[in-house]
Amino acid sequence: MISYRIAKSSDSLSIAKLHIKCAKSQKDGFFHKLGVIFIYRYYKIVTSNKNSIILLAENENRLLGFHSGTLKAEEHLFSLKNNRISLFLSVIPEFFINPKLFFEVYKRYRYVSNKNKAIKFGVTNGPRGEYWGWDPENPNPLNSLKLHKNWHLIVKSLGINFIKSEVDVTNKRVLKSIKLMGGEIISEVILPDGRNRAVVQYDLKNWI
């Protein structure tokens, strides 16, 4: 039986491992390239933000899926900026494996630090859905969608009527699921690496 709960800091490693597993199965994914040490550190930071919400789906204490996001994207970006040194140190081992990764990381750092206003990756303020993943070794489309819906219902219960998120257009399966759940594409951006990213918005007023 699947149960749901809000993630704690102590869940960061299991979330990081599942994030990598999910991202590797998605076309054009980037985050998993940064390695488990970086992603673990990333979720330690995220779970410490007072406006972050990470919902876990478990079966007998085994993590099957998670949905992360924040009520304030600006807080999320500010916390990453404040922890940029520790995040950078945690990704250094991956640079030895893939030296080209350094330039990709640098571009994203300029985005987080707002040093280059011309580079845009997506939603930078207000409520934002971040990552939605389900263990590809234990596929369950219905429960994955239920996790997605439950996260948004939590956000709605906190007084939020509209929330935005992003998805790479090449990720057809996730994009299809987002549309199925009522997400509407409101804009598209071309990332520095050439990827086409859609910004989607959910109107939660009539969700039950």
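As a basis for the values below, the full set of heavy atoms in this structure was taken, side chains included, without hydrogen atoms, waters or symmetry mates. Start at 1 with the first residue, then count along the sequence.
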Non-neighbouring partners of Arg173 that pass salt bridge (charged side-chain N to carboxylate O under 4.0 Å, His left out), sequence neighbours left out: none
Nearest atoms (heavy-atom pairs only) where Ala57 meets Trp134: CB-CZ3, 3.7 Å
Interatomic spacing from CG in Asn196 to OG1 in Thr170 - rounded to 0.5 Å: 8.5 Å
Which pairs of donor and acceptor atoms, one on a side chain in residues 88-99, lie under 3.5 Å apart (sequence neighbours left out)?
| unit_1 | atom_1 | unit_2 | atom_2 | d |
| --- | --- | --- | --- | --- |
| Ser90 | OG | Ser86 | O | 3.4 |
| Ser90 | OG | Leu87 | O | 2.7 |
| Asn98 | OD1 | Lys100 | N | 3.4 |

Side chain to side chain contact (heavy atoms under 4.5 Å, CB included) partners for Ile185, two or more places apart: Leu175, Lys179, Glu188, Ala198, Val200
Listed partners of Leu13 passing side chain to side chain contact (heavy atoms under 4.5 Å, CB included), at least two apart: Lys17, Val36, Tyr40
Any residue meeting salt bridge (charged side-chain N to carboxylate O under 4.0 Å, His left out) with Glu60, in chain and number order, not counting sequence neighbours: none
Under 3.5 Å: donor-acceptor pair, side chain of Asn83, backbone of Ser79: yes
Set of side chain to side chain contact (heavy atoms under 4.5 Å, CB included) partners for Asp203, sequence neighbours left out: Phe162, Lys205
By side chain to side chain contact (heavy atoms under 4.5 Å, CB included) - contacts of Lys146 (at least two apart): Tyr4, Asn143, Asn150
Backbone N/O of Glu137 and side chain of Asp135: donor-acceptor pair under 3.5 Å: yes
Close side-chain approach of Ser48 to Ser9, heavy-atom, < 4.5 Å: no
Neighbour count above 12 (heavy atom, 6.0 Å) for Leu158 CG: yes
Set of residues satisfying ring-ring contact (aromatic ring centres under 6.0 Å, His included) with respect to Tyr131, sequence neighbours excluded: His19, Phe66
Heavy-atom closest pair, residues Ala7 and Ile15: CB-CD1, 3.9 Å
Under 3.5 Å donor-acceptor, Arg41 side chain and Phe38 backbone: no
Student check: side-chain heavy atoms of Glu166 and Val123 closer than 4.5 Å: yes
Salt bridge (charged side-chain N to carboxylate O under 4.0 Å, His left out) partners for Lys176, two or more places apart: none
Any residue meeting side chain to side chain donor-acceptor pair (under 3.5 Å) with Lys156, in chain and number order, not counting sequence neighbours: none
Heavy-atom donor-acceptor pair, Ser157 side chain to Ile154 backbone, under 3.5 Å: yes
Residue pairs fulfilling side-chain hydrogen bond (donor to acceptor under 3.5 Å, both in side chains) with at least one residue in residues 61-73, sequence neighbours excluded: His67-His148, Ser68-Glu130
Heavy-atom check, side chain of Trp132 versus side chain of Leu145, under 4.5 Å: yes
Residues which pass salt bridge (charged side-chain N to carboxylate O under 4.0 Å, His left out) with Lys50, listed by chain and number, not counting sequence neighbours: none
